[in-house]
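Reviewing the structure listed below.
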Amino acid sequence: MNTTQLKQWLTELAAVIADNRDELSKLDQALGDGDHGINMHRGFQAVLSELPNIKEEDEPAALLQKVATILISKVGGASGPLYGTAFLRMSAACKGKQTLDDETMVVALKQAAEGIAQRGKAAPGEGTLLDVWSTVANEAKETGMDWNQLEASAREGMEATKDMVVKRGRGAILGEQSVGHIDPGAVSSYYLFKTLCNTMKAGE
Amino acid sequence: MNTTQLKQWLTELAAVIADNRDELSKLDQALGDGDHGINMHRGFQAVLSELPNIKEEDEPAALLQKVATILISKVGGASGPLYGTAFLRMSAACKGKQTLDDETMVVALKQAAEGIAQRGKAAPGEGTLLDVWSTVANEAKETGMDWNQLEASAREGMEATKDMVVKRGRGAILGEQSVGHIDPGAVSSYYLFKTLCNTMKAGE
Amino acid sequence: MKKLVNNPDVVVDEMIDGYLKAFPKLVEKVEGSGRALVAKQSLHGNGKVGIVIGGGSGHEPAFMGYIGRGMADGVAVGNIFASPPPQPIVEATEAVNQGNGVVYIYGNYAGDIMNFGMASDLADMEHDIKVESIIVRDDVASAPKREKEKRRGIAGEFFVTKVAGAASARGDDLSEVVRLTNKANESVRSMGVGLTPCALPQTGKPSFVLGENEMEIGLGHHGEPGVEKGPLQQADDVCDRLIDDILNDGDLKAGDDVAVLVNGLGSTTQMELFIMFRRVEQRLSEKQINIHRSYVGNYSTSMEMGGCSVTLMKVDEELKALIDAPAECPLYAQYE
Amino acid sequence: MKKLVNNPDVVVDEMIDGYLKAFPKLVEKVEGSGRALVAKQSLHGNGKVGIVIGGGSGHEPAFMGYIGRGMADGVAVGNIFASPPPQPIVEATEAVNQGNGVVYIYGNYAGDIMNFGMASDLADMEHDIKVESIIVRDDVASAPKREKEKRRGIAGEFFVTKVAGAASARGDDLSEVVRLTNKANESVRSMGVGLTPCALPQTGKPSFVLGENEMEIGLGHHGEPGVEKGPLQQADDVCDRLIDDILNDGDLKAGDDVAVLVNGLGSTTQMELFIMFRRVEQRLSEKQINIHRSYVGNYSTSMEMGGCSVTLMKVDEELKALIDAPAECPLYAQYE
Ligand SMILES: Nc1ncnc2c1ncn2[C@@H]1O[C@H](COP(=O)(O)OP(=O)(O)O)[C@@H](O)[C@H]1O
Ligand SMILES: Nc1ncnc2c1ncn2[C@@H]1O[C@H](COP(=O)(O)OP(=O)(O)O)[C@@H](O)[C@H]1O
Ligand SMILES: [Mg+2]
Ligand SMILES: [Mg+2]
Ligand SMILES: [Mg+2]
Ligand SMILES: [Mg+2]
């Protein structure tokens, strides 16, 4: 994976978020304050407008760090620091590499998930976006960077949040009543991995 | 007309106002602030609860003055002082009489209408309750206390407000647009005369 | 209509009860009265001219919230959207009278004129109190300039009360308080827009009907019909309409100073009011009219009505001093 | 949803713009920042402990309206219902830092905790500013007592900010300001009820759905689900439910003193708030709990949401002095 592919991915992700922002906000209404789509859209539109400034020869780590900074400064709320941290950790794991090999990507995903867990004081199984990130990171570690497989595990992580009692974020107040709702952050994270897999499969 | 009849009248009037209060408020919504029914109901319920304290042998003037005081102090708004003044003037015209003869009643109505005009700085034809009071007072002066005739003229005065450009009260702001709406104060005044005529006809 | 009330027939009495219990150090009821309230500091017998305000309720924090140091001394509280009767007005007048006259300030509505008029006659005849009345007519939407005497009083009454209260607080005599209050009243103009109705607790009926995407320019503070219905526009365009009508009516010119009030009618958020204010400031600064002091918030509501009004009052040096004077009321306070 | 806005994507920026232009003598933007505002009086270099507040917008007058003398020094303004990112928080921190430490006060929300947490790390590491954070958790509806650390922060943050601001204004040092602010935070409890939703300008969708005659107890300040939906009751019954839950949670007893805040969520009228306050006072006086000072009005809204909350803070002599201290902010002022 190189900077061009990263740009492709982020472009597609911004488009998918834009198309689905009302759905994301609606999901957030059931568990939170109904703005997750607005927040993600604001952040990824800002990312999108930064992309033309990124050159092919820039390191992936530089782009990932830029994305992290933009998300942290533009998104706010809970998802801003969480997504920001994920990109920051991925950037750190990719430092010094012009092309990211599978091994690097496995490590990057693992560290991203760990970063989210730390930042959110969260654990897998608590019905948040971490459930997608940790499922994908584990899958990558176990079976390698098989994009079809990773997309499936992202979806699995997302769908699993439906049956969970939410323990973090605004939904935590609901206790048992949070069961039956998919977590909005898990859905946006699924889109993130789905578009990543698309991009990578197209390049194969 | 004596104190017993006055009490009968006021009892029936309070009931008719109670039954029609929503309609009166609704009429007031088109031209004003939608509270005329509430105001009149508040006032005449207060009158109603005073009636048991009035003895048969009390002079009509005393009761009329009491009604005036209650209306002025309970109704507020525009209709409170106007109705209050009308009853005050009627009381003054009836002073010293145990039974009101036709002549007294003619004078009482005339002075009530004049009192309203003064208090409201209003003239007939300006689309207010005065149009009912002045029509009835004129009719009484011309053809005497014929109750059927007086009820008809009250209705006429009320209906005439529909075609008038309102010049007084909240409706005045509307100018030409006030045409087509019956004035709520004219309707409550019509009820006043209708119930008065009913009471008097029943006693004949 | 959903409201947190007990019995709709006694909302005003329960409100007053709560108000007095919330601010026992600042306000009290006139003894034996149900609806006449006075500021405690006004009872010190310092010889100040008394200021009595009032009108129907439903406009909170107006009018009851505006009694206190530097504002009015007494208030007569009517039923919702209904002028108070003469009695509480007279009671408030007696309570705040310190022998040097009393000024009434109220909006130009038939009910208020009649009731305050009767009260001032009674105060004069029965209690020998000299009363002067100032009738606020700031709503430029409610009649053309040549029929200015017909105009309704809306949010601008806040400024008129502020000027009267500050003048009387510093010890001005009756004729001076009246002169300044009249000057404020002549200098103040407002214009409003309504978006969503309010409902009287007793009827539960919306005070007017507008389409999903409609606004009404010049709507009255009690839901009385306005001058023009039309599609809801962007805030800046709505603001321009209000500002233009105010400017066209008055004589403001480059170099003048104004006090500005962007007033919310009830359910319009402070965020929207600041977006409106932003445009007011842009328009005034284009015209080199200087904003001396600003007020943005719910100063005179129509229960939960949606919408707002813009008020401008031209201020010279003497009005500036009065607008800037400190004020301490239960529902409004400012430092110099 | 009808709103007086221009472009829904920039409502917060336009609001800030209007706010700064309305109160140029009192507040200003940190240079080069979009979303960090400071009170002008806080920049005098008198060595006071800095107080920085903030959170998502949509709660006006909270939080931006509460910077000024006797309250907070700086505020970071987030997007609607979204915690501000670390940057404006750090900017406000730097601007108000006078070398003696800064206190952050914010509500217990994952977003605020992460963003303020990152900001305090940055302030410490990059600017060598000592920051202490106080996380407000007053909403007793949002978690049982044994999970107090989960509770949301709602209107009670006003009292916590008041205490911190007054302590820092009189020159208390960092540890004393923190001790007192923590004490206020431990002593404050709130409980709310929602009647009608608000809508984000960008989606236009109601934040929750309730039946024509339903209310929701414990509804969050951003429309997050509450603990119980049921038919709308009379004000006194609703109030009893709120008061009972607050009293059952705390340790108030006969002879204690409290500060009371009846807070409107946006479109609930002041009349209704006073009717609610009336009942609060009845219930407290039954229990011989003394009301030291009362606040009734829109202190922390959820845009145009309908409903209200009741907040009680137990006050001893030192908290009383801080609650009574003067305060002068653009959107709130009180005299001693
Ligand atoms: N402590 C946390 N740990 C992990 N994820 C969290 C945490 N808090 C919130 N989230 C995630 O953030 C999402 C909500 O994001 P968003 O709606 O943008 O922010 P906010 O809750 O501030 O409105 C949730 O759906 C959840 O996935
Ligand atoms: N100046 C006036 N002269 C005569 N009648 C008036 C005047 N002003 C108002 N009215 C009458 O009062 C009625 C309105 O009464 P009401 O709704 O109870 O009071 P308010 O207008 O204060 O809400 C009008 O319908 C009209 O008949
Ligand atoms: Mg959210
Ligand atoms: Mg009316
Ligand atoms: Mg009325
Ligand atoms: Mg949010």
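Both backbone and side-chain heavy atoms feed into the values below; hydrogens, waters and symmetry mates do not. Note on naming: letters A, B, ... go to the chains in the order of the sequence lines (proteins, then strands), and numbering restarts at 1 for each one.
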Looking at A/N39, A/L82, A/D28, which one has more heavy-atom pairs under 4.5 Å with chain D than the rest? A/L82
If I take atom CD from residue A/Q29 and atom CG from residue A/D22, how far apart are they, to the nearest 0.5 angstrom? 10.5 Å
Mark yes or no for whether D/S300, through its side chain, and D/A62, through its backbone, hold a donor-acceptor pair below 3.5 Å. no
Using a cut-off of under 4.5 Å on heavy-atom pairs, state which of A/A122, A/S73, A/A30 scores highest against chain D. A/S73
Chain D contact via A/R42 - which portion, at a heavy-atom distance below 4.5 Å: side chain
Looking only at heavy atoms and a cut-off of under 4.5 Å, which of D/S142, D/G220, D/A141 has the most pairs with chain A? D/S142
So what's closer than 4.5 Å to chain D heavy atoms on A/I38: side chain, backbone, both or neither? side chain
Can you tell me how far the OH atom of D/Y104 sits from the CD atom of D/E132, to the nearest 0.5 Å? 11.5 Å
Interface residue of largest heavy-atom contact number with chain A, from D/I80, D/V227, D/N79, under 4.5 Å: D/N79
Largest heavy-atom contact set with chain D, pairs under 4.5 Å, which of A/G32, A/A172, A/G175, A/S79: A/G32
What part of D/F81 lies closer than 4.5 angstrom to a heavy atom of chain A: side chain, backbone, both or neither? both
By a 4.5 Å heavy-atom criterion (distance strictly below it), what part of A/R168 contacts chain D: side chain, backbone, both, or neither? neither
Ion pair present between D/E224 and A/R170, side-chain N to carboxylate O less than 4.0 angstrom? yes
Examine the side chains of D/H222 and D/S207 and answer whether a donor and an acceptor come within less than 3.5 Å of each other. no
Which one of D/Q202, D/M118, D/K150, D/Q87 has the most heavy-atom pairs closer than 4.5 Å to chain A? D/M118
Looking only at heavy atoms, which two atoms of D/I67 and D/V38 are closest? And how far apart? CD1-C, 3.6 Å
Under a 4.5 Å heavy-atom cut-off, does chain D meet the side chain of A/K26, its backbone, both or neither? neither
Structural part of A/L174 lying under 4.5 Å from a heavy atom of chain D: side chain
Residue from A/P81, A/G80, A/G120 scoring the most non-hydrogen pairs under 4.5 Å with chain D is A/P81
Distance in Å, A/Y191 OH paired with A/E23 CD, rounded so as to fall on 0.5 Å steps: 3.5 Å
Choice from D/S302, D/G55, D/P206 maximising heavy atom contacts with chain A below 4.5 Å: D/P206
Nearest heavy-atom neighbours spanning D/A110 and A/G169: CB-CA, 4.0 Å
Got a salt bridge between D/E304 and D/K3, using NZ or NE/NH1/NH2 to carboxylate O under 4.0 Å? yes
